[in-house]
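Encoded as structure tokens, the structure appears first; notes follow it.
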Amino acid sequence: MGNRRRVAERRKTTRPAVVGGMIAVFVGGVGFGAYALTDGGAAADERTSASADHKAVKSGPLSAAEVRTASTQFLTAWQQGRIDEAAAATDDASAATTLLGGYAKDARLKDVTLTPGTPAGAKVPFTVKATVSYKRLSKPLAYGSSLTVVRRASDGKPLVDWHSAVVHPDLKDGDTLVTGESGTPPIKALDRDGDELTAAKYPSLGPVLDSLREKYGKTAGGKAGIELRVVRGKASQKAQLSDKTLVELSKGTPGTVKTTLNPTLQAAAEQQVGKQQQASVVIVRPSTGEILAVANSGHGFNVAFQGSLAPGSTMKVVTSTMLFEKNLITPDASHPCPKTYKLAGWTFHNDGDSEIKKGTFKQSFGASCNNAFIDFAPKLSNDDLTKEAQQVYGLGMDNWSIGVPSFDGSIPVESGAQMGASLIGQGGVRMNPLNMASVAATVESGVFHQPYLVSPTVDNRTLAKAARTMSAKTQSELKDVLRFTADYGTAAKAMAGMTGDYGAKTGSAEVDGQKKPNGWFTAYKGDLAAAGVVQAGGHGGDTAGPIVAALLKTGG
């Protein structure tokens, strides 16, 4: 912005007209509800720096006047269709020009009105009203967005921090807005009983329904309609985000896709995750792999299917399978759990620095005592846990095909302390509720059945297989320690009142920067298996446990 002049040397400004209590600036004869374009002066903590060879560069926090001026210049130019000018008011003129230029040309949006709200520091909320017009079809569009003003490092000039979400909050960088024939015809997704599934009835299913349409829309027998939609760019596609319809100008003819979802369990899952922030849950049928319900507290990214989180002590189910198969331990064998254990220069601690001086492995499993697992590390090869997860549980092979995008888990080969951490579900191990529900289901049935949301007969998909099955002896030992945990261990409170054949395991996963760990819980009851996570919630028995247990009781 160059050197400031003295206050006395500032040029005169014209006061804006006040209409109905709102400041209005008139640009090119069009009224625009915004701020005055005058600079109200520098804040007390603004600074400028200069040297003999360089012009002064303003630094320090932005003043309210700078935020008003920068945001108003951008919004006014955008509303008036002066794309180059609007783009120049951002810190990425090239990207802004492309997306703002497509706002009228590709998205077919006209009569745009932008109304700013009250700034919160450098962030300015605003509302958008426009008309989507395609040939003889038109519909109104209204939504809210926001922008943030930043100071350019090179010269201190206030500019809009450019991201695609400024144009529309559903846009990720690289995405575009397009109006025209939809890329895929609409679908009518059905539950297992033949009734329609809608996001209005089951809010968690919004991303799932979008994914079902993307995968099956062209083969389900429907006809495309005309709509304004978010078309995902490469980065969003890599993150497995689906295109999203914003406005439907004319309805297409939907095709039909039947899912495995159970309406009673889906409704219960929606209700249960609503009791916690950042909760996700999946319930499957062990004998077949059918997914009976999926729900997330947040209705955007599908953590239940696509999350990649450390599973904490629920991973001890897989670790125990390996230990039993290698005949390194049995449930009732004496196996103390020391307060600390040193491995490759690291000192591992149990939760609360607890210890079990004289006890069995089953008691350590039930109490989720970490060092009773980590102290097996010297007897293991670096790839033992990876092989166990892949060969028996079908995890980490990147070959699940459930009918919509999913993450199949990751169990990398690690060494030293990181290998020890993997044994308790930390280190590089990553899972989601779908993966851990499948683990419980595999224990219950003794055989891995890849979970699926849409029957493979619909599109002749090949479901993933595990290389081998656990022995009947190993399955019996696993059920023994899981039942003990559900009756007397860390899962007892959540599983109280459960009847029949059941078992459970809790987990807590520490995450850098979080005050509380992610709470995990996986369990089975008869021909039902479920797993859930509550991010930053605390111990799994107290957070995810009640969600999972409630679903198992609802289902039978």
Leu552 side chain near Met498 side chain, heavy-atom distance below 4.5 Å: yes
Ring centre gap for Phe376 and His335 strictly below 6.0 Å: yes
Any salt bridge linking Glu477 with Lys362? Criterion: basic side-chain nitrogen under 4.0 Å from a carboxylate oxygen. no
Residues Leu99, Trp162; criterion side-chain contact (heavy atoms from CB on, under 4.5 Å); working and verdict: CA-CA 11 Å; Leu99 191 55; Trp162 180 257; 3.9 Å; yes
What distance separates Arg430 CZ from Ser410 OG, expressed to the nearest 0.5 Å? 8.0 Å
Between Asp408 and Asn399, is there a donor-acceptor pair closer than 3.5 Å when you use the side chain of the first and the backbone of the second? yes
Contact between Asn518 and Val534 at the side-chain level, heavy atoms closer than 4.5 Å - yes or no? no
When you compare the side chains of Asn296 and Ser204, does any donor N or O come within less than 3.5 Å of an acceptor on the partner? no
Between the side chain of Asp191 and the main-chain N/O of Asp195, is any donor-acceptor distance below 3.5 Å? yes
Do Lys479 and Asp501 sit within salt-bridge range, that is, some charged N less than 4.0 Å from a carboxylate O? yes
Using a 3.5 Å distance criterion without hydrogens, assess whether the side chain of Glu248 forms a donor-acceptor pair with backbone atoms of Ile226. no
Distance only, no hydrogens: is a donor on one side chain within 3.5 Å (strictly under) of an acceptor on the other, for Ser422 and Glu414? yes
Under 4.0 Å between a Lys/Arg side-chain N and an Asp/Glu carboxylate O for Glu270 and Lys275? no
Matching residue for Phe521 among Lys505, Met436, Met495 - test: side chain to side chain contact (heavy atoms under 4.5 Å, CB included): Met495
Got Thr506 and Ser313 here, is their nearest side-chain heavy-atom distance under 4.5 Å? no
What's the separation between atom CE in Met322 and atom CG in Leu385, rounded to the nearest 0.5 Å? 5.0 Å
Between CG on residue Leu177 and CG on residue Leu171, distance to nearest 0.5 Å: 4.5 Å
So do the side chains of Pro185 and Lys218 get within less than 4.5 Å of each other, counting heavy atoms only? yes
Under a 3.5 Å distance rule, please check whether Arg229 uses its side chain to pair with a backbone N or O of Glu181 as donor and acceptor. yes
Under 4.5 Å between any side-chain heavy atoms of Ile291 and Leu434, yes or no? yes
From Thr288 atom OG1 to Tyr452 atom OH, the distance as rounded to the nearest 0.5 Å: 4.5 Å
Does Asp398 CG have over 12 foreign heavy atoms under 6.0 Å away? no
Hey, does the side chain of Ser471 reach the backbone of Thr474 with a donor-acceptor pair shorter than 3.5 angstrom? yes
Between the main-chain N or O of Thr457 and the side-chain N or O of Ser455, is there a donor-acceptor pair closer than 3.5 Å? yes
Passing candidate, side chain to side chain contact (heavy atoms under 4.5 Å, CB included) with Thr442, options His449, Gln475, Met470: Met470
Can you see whether Glu388 engages Thr321 through a side-chain donor-acceptor pair at a distance of less than 3.5 angstrom? no
Are any side-chain N or O atoms of Ser297 and backbone N or O atoms of Gln276, one a donor and one an acceptor, separated by less than 3.5 Å? yes
Taking it one step at a time, do Thr245 and Leu228 satisfy side-chain contact (heavy atoms from CB on, under 4.5 Å)? CA-CA 6 Å; Thr245 299; Leu228 167 65; over 6 Å; no
Determine, for Asp243 against Arg213, whether the closest basic-nitrogen to carboxylate-oxygen distance falls under 4.0 angstrom. no
Going by atom types only, do Ser164 and Lys172 share a side-chain donor-acceptor pair under 3.5 Å? no
Taking all non-hydrogen atoms of both residues, which atom of Val303 and which atom of Pro433 are closest, and how far apart? O-CD, 3.8 Å
Side-chain contact test, heavy atoms from C-beta onward, threshold under 4.5 Å: evaluate it for Trp400 versus Ser438 and give yes or no. yes
Answer yes or no: is there an ion pair linking Arg232 with Asp175, defined by an N-O contact shorter than 4.0 Å? yes
Does Met431 form a side-chain contact (heavy atoms from CB on, under 4.5 Å) with Leu395? I'd like the steps, not just the answer. CA-CA 9 Å; Met431 299 287 168; Leu395 294 164; 3.8 Å; yes
Ser368 vs Thr490, side chain to side chain donor-acceptor pair (under 3.5 Å): CA-CA, chis, key distance, verdict: CA-CA 7 Å; Ser368 203; Thr490 55; 5.4 Å; no
Using a strict 4.0 Å threshold on nitrogen-to-oxygen distance, state whether Lys473 and Glu325 make a salt bridge. no
Specify the closest pair of heavy atoms between Val392 and Phe448, including all atoms of both residues, with the distance to one decimal. O-CB, 3.6 Å
Under a plain distance cut-off of 3.5 Å, with no hydrogens placed, do Ser287 and Ser445 share a side-chain donor-acceptor pair? no
Of all the heavy-atom pairs spanning Asn432 and Gly307, show the shortest one and how long it is. ND2-O, 3.1 Å
Please check if atom OH in Tyr143 has more than 12 non-hydrogen atoms from other residues, nucleotides or ligands closer than 6.0 Å. yes
Test item: side-chain donor near acceptor, Ser133 and Arg108, under 3.5 Å: no
May I ask you to check whether Phe324 and Phe361 place their ring centers less than 6.0 Å from one another? yes
How far apart are the closest heavy atoms of Val284 and Pro451, and which atoms are they? CG1-CB, 4.5 Å
Counting C-beta onward and ignoring hydrogens, is there a side-chain heavy-atom pair between Ile402 and Val404 closer than 4.5 Å? yes
Counting only heavy atoms not in Gln514, do more than 12 sit closer than 6.0 Å to its CD atom? yes
side-chain contact (heavy atoms from CB on, under 4.5 Å) between Leu482 and Tyr502: does it pass, once the steps are laid out? CA-CA 8 Å; Leu482 286 164; Tyr502 60 87; over 6 Å; no
For Leu212 against Ala189, the heavy-atom pair lying closest together: CD1-CB, 4.1 Å
Quick one: does any side-chain atom of Asp383 pair with a main-chain N or O of Thr386 as donor and acceptor, under 3.5 Å? no
Is any side-chain heavy atom of Val294 less than 4.5 Å from a side-chain heavy atom of Gln266? yes
Side chain of Arg192, backbone of Thr260: donor and acceptor closer than 3.5 Å? yes
For residues Ala504 and Ala486, report the shortest heavy-atom separation together with the two atoms involved. N-CB, 3.9 Å
Leu209 side, atom CG; Ile187 side, atom CD1 - distance, nearest 0.5 Å: 6.5 Å
Does Ala107 offer a backbone N or O that forms a donor-acceptor pair with the side chain of Thr179 under 3.5 Å? yes
Using 0.5 Å steps for rounding, measure from the NZ atom of Lys234 to the CG atom of Asp173. 15.0 Å
Residue pairs passing the salt bridge (Lys or Arg N to Asp or Glu O under 4.0 Å) test with at least one member in residues 523-537, sequence neighbours excluded, are Arg285-Asp527
Does NZ in Lys553 sit with more than 12 non-hydrogen atoms of other residues, nucleotides or ligands closer than 6.0 Å? yes
